[in-house]
Amino acid sequence: SRLSWLDNSGLGFSLDYPTISLHAVSRDLNAYPWEHLYVMVNAKFEEDNAKEAPMAEGEEEEEAEDSDDDTEPIAEFRFVPSDKSALEAMFSAMCECQALHPDPEDEDSDNDYEGEEYDVEAHELGQGDIPSFYTYEEGLSHLTAEGQATLERLEGMLAQSVSSQYNMAGVRTEDSIREFEDGMEVDLAPAVAGQFEDAEVDH
Amino acid sequence: MEVSHSVKERTIAENSLVILLQGLCNRVTTVELRDESTASGRVTNVDAFMNVRLAEVTFMDRQGTLCHLDELFVTGRNVRYVHIPDDVDIRATIEQQLQAIHRVRYFGGRDKGRKEFPRTKHR
């Protein structure tokens with residue numbers, strides 16, 4: 001729940017995600033001599049205050065912006081990893097963590113969406129309590145007989161396409177199975193399994 | 001155009017204008033921040049909380065200093081404006097995003113035979 005930076009000796013510091021305004025990967029060596037992760041923080045850091053920002057020698061640099069006007073305090077951090085190929089992963093990890101910290105002060109986001117999953121289609125159908133997606137166990141118990149048959153047919157098709165090593169049109173296999181429920185266009189019409197085995201698939 | 005994997009985010013997006021920003025993926029534009037710095041680059045993602053991800057960015061800080069960043073992530077809280085490029089058809093973009101959400105939501109069809117939306121291949 002916080003961003004932490006430690007050097008080899010274990011010396012380091014942490015930043016709270018909600019204070020981070022933005023972060024970026026900078027590879028422009030004209031602007032700064034090393035490729036680094038740039039982080040802008042909405043807080044004040046004082047260079048001689050060892051408690052708030054202990055420096056790890058040679059591994060991060062801190063520039064505190066003087067705010068002599070009414071604007072919010074800004075601090076800029078540049079994290080220079082010893083392995084610059086780690087920058088992408090660091091950037092992505094931070095993006096994901098930031099997404100987990102939505103702005104608590106945001107009044108625009110409708111709080112009706114918190115807690116129970118709000119389901120627009122169920123609401124339109126007048127069935128307000130039906131969730132629009134199920135966990136695996138729940139979902140199986142809600143299947144009608146027809147739904148069960150469809151599921152078995154689909155699983156059969158997938159099993160066939162994996163074993164025969166053909167890519168059926170529109171059906172992605174292996175690690176895309178995980179994304180099966182996310183809007184992938186699948187033509188459910190084929191009544192004969194293996195109908196696409198001889199298809200030339202052009203993606 | 002990628003739709004969020006989260007039901008909550010899709011619902012939030014469907015009910016706010018952030019859906020328009022999500023339709024700007026792969027477009028180059030300028031984001032003005034609360035502190036008056038600006039970031040110009042190609043939009044790679046906008047989530048329901050208006051967190052914006054840009055690539056190939058020219059960033060101008062509030063002092064006016066320019067620098068180039070490969071990738072930038074700005075928290076929604078710090079976004080003041082997002083410029084919509086002149087050639088973007090706003091209504092069409094919003095409708096396309098709504099259709100994408102509905103394709104995800106109604107994946108597999110809802111009851112036998114009835115197909116509310118034409119089956120179009122991705123892209």
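Chain A is the first sequence line, chain B the second, and so forth, proteins listed ahead of strands; every chain is numbered from 1.
Two residues are said to be in side-chain contact when any heavy atoms from C-beta on lie closer than 4.5 Å; B/Asn51 and B/Arg53 fail this criterion.
For A/Met40, the part lying under 4.5 angstrom from a heavy atom of chain B is the side chain only. Using a 4.5 Å cut-off between heavy atoms, A/Asn30 does not touch chain B at all. Of the atoms belonging to A/Glu35, not a single heavy atom falls under 4.5 Å from chain B. Of the atoms belonging to B/Asp47, it is side-chain heavy atoms, and not backbone ones, that fall under 4.5 Å from chain A. If you measure heavy-atom distances from B/Leu54 to chain A, you find no contacts under 4.5 Å at all.
Ring-plane geometry between B/Tyr106 and B/His102 is classed as tilted, the angle between the planes lying from 30 to 60 degrees on a 0 to 90 degree scale.
Around CG of B/Leu17, the count of heavy atoms belonging to other residues, nucleotides or ligands within 6.0 Å does not exceed 12.
Between the side chain of A/Asp16 and the backbone N or O of A/Pro18 there is no donor-acceptor pair closer than 3.5 Å. Judged purely by atom type and a 3.5 angstrom limit, B/Arg34 has no side-chain atom pairing as donor or acceptor with the backbone of B/Asn78.
Contact count versus chain B (heavy atoms, under 4.5 Å) is highest, among A/Ile20, A/Leu22, A/Asn42, A/Leu87, for A/Leu22. Chosen from A/Ser21, A/Ala99, A/Ala24, the residue pairing most often with chain B at heavy-atom distances under 4.5 Å is A/Ser21.
The CG atom of A/Asp28 lies 13.5 Å from the CZ atom of B/Phe59; values are rounded to the nearest 0.5 Å.
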